Participant: 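Structure below; questions to follow.
What you see below is based on every heavy atom in this structure, not just the backbone, and it leaves out hydrogens, waters and symmetry mates. Keep in mind that this is a model prediction, so the values were computed, not measured.
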Amino acid sequence: MADWLFSGTLLRFPRLKIAYSESQVGWMPFLMERLDMVFATEPRLVRLGPDHHGATSTQVPGRVFGCFFDDMVGVDARHQIGIEQLVFETDYPTRTRHGRTRPSWWARSRSG
């Protein structure tokens, strides 16, 4: 995410959207805060161009999405990330390499 936000790519391509699949989302608030701090203290490291004003994280809403399926830290931080940026992901039923269906964590939680 740092490369996308610091490179100015999202500013140059205003319709581009990015989704981080199978990465969970608990890391997003830390990274957004850290990138904003770097932008504020070391602007020479960021290639956004002279027309960009505001924190680096202002590029995230509506453009950068995090996908999750089992991340309570991320769910707890949903307001820091932005609820609109969160996407629930699933590949149920998950198949093993032998083609058999593996019980999901949801199914296992219902059985006992």
Side-chain angles (χ1 to χ4, degrees):
M1 183 162 60
D3 289 340
W4 287 105
L5 297 180
F6 279 179
S7 69
T9 302
L10 292 174
L11 299 173
R12 288 192 306 277
F13 299 95
R15 293 178 30 194
L16 181 65
K17 296 181 181 186
I18 301 165
Y20 287 94
S21 299
E22 298 189 12
S23 66
Q24 305 306 326
V25 295
W27 56 271
M28 292 178 76
F30 165 77
L31 189 58
M32 289 189 295
E33 178 184 31
R34 179 73 180 150
L35 297 179
D36 285 347
M37 192 276 301
V38 170
F39 178 72
T41 60
E42 299 288 340
R44 64 185 172 73
L45 299 176
V46 183
R47 299 179 305 274
L48 297 180
D51 296 333
H52 180 75
H53 304 287
T56 308
S57 62
T58 60
Q59 299 175 69
V60 171
R63 309 289 301 284
V64 180
F65 299 88
C67 304
F68 72 100
F69 59 89
D70 187 16
D71 181 1
M72 289 311 298
V73 170
V75 171
D76 288 344
R78 65 192 177 276
H79 296 293
Q80 291 173 281
I81 300 166
I83 292 175
E84 301 81 12
Q85 304 318 118
L86 300 179
V87 180
F88 181 77
E89 66 179 314
T90 181
D91 60 353
Y92 182 80
T94 300
R95 301 257 180 214
T96 67
R97 65 185 173 145
H98 303 293
R100 292 187 295 268
T101 302
R102 193 172 39 154
S104 70
W105 65 267
W106 185 86
R108 288 191 306 272
S109 74
R110 313 297 344 136
S111 64

Participant: Could you work out, with side-chain hydrogen bond (donor to acceptor under 3.5 Å, both in side chains) as the rule, every residue matching Glu42, not counting sequence neighbours?
Facilitator: Arg44
Participant: Nearest 0.5 Å please: distance from the CD1 atom of Ile81 over to the NE2 atom of His79.
Facilitator: 10.5 Å
Participant: Using atom types as modelled and distance alone, determine if a side-chain donor or acceptor of Arg12 lies under 3.5 Å from a backbone N or O of Ser7.
Facilitator: yes
Participant: Mind checking side chain to side chain contact (heavy atoms under 4.5 Å, CB included) for Leu16 and listing every partner two or more places apart, or none if nothing turns up?
Facilitator: Trp4, Thr9, Leu10, Phe13, Arg63
Participant: Applying the 4.5 Å side-chain criterion to the ILVMFWY set and letting contacts propagate, would Val60 and Ile18 be lumped into a single cluster?
Facilitator: yes
Participant: Could you tell me which non-hydrogen atom of Val64 sits nearest to which non-hydrogen atom of Gln85, and how far apart they are?
Facilitator: O-NE2, 2.7 Å
Participant: Using only atom types and a distance under 3.5 Å, with no angle test, would you say the side chain of Glu89 pairs donor to acceptor with the backbone of Ser21?
Facilitator: no
Participant: So do Phe65 and Tyr20 actually touch side chain to side chain, heavy atoms under 4.5 Å?
Facilitator: no
Participant: Where do Arg78 and Val75 land on the side-chain contact (heavy atoms from CB on, under 4.5 Å) test, with the steps shown first?
Facilitator: CA-CA 5 Å; Arg78 65 192 177 276; Val75 171; 3.9 Å; yes
Participant: Closest heavy-atom contact between Gln59 and Leu5?
Facilitator: NE2-O, 3.0 Å
Participant: Are Ile83 and Phe68 connected in a single hydrophobic cluster, I mean Ile/Leu/Val/Met/Phe/Trp/Tyr linked by side-chain heavy atoms less than 4.5 Å apart?
Facilitator: no
Participant: Compile the donor-acceptor pairs under 3.5 Å between side chains in residues 25-37 and protein atoms, sequence neighbours left out, one pair per line.
Facilitator:
from, atom 1, to, atom 2, distance (Å)
Trp27, NE1, Ser23, O, 3.3
Trp27, NE1, Gln24, O, 3.0
Asp36, OD1, Thr56, N, 3.0
Asp36, OD1, Ser57, N, 2.7
Asp36, OD1, Ser57, OG, 3.3
Asp36, OD2, Ser57, OG, 2.7

Participant: Does a side-chain heavy-atom distance below 4.5 Å link Thr90 with Phe88?
Facilitator: yes
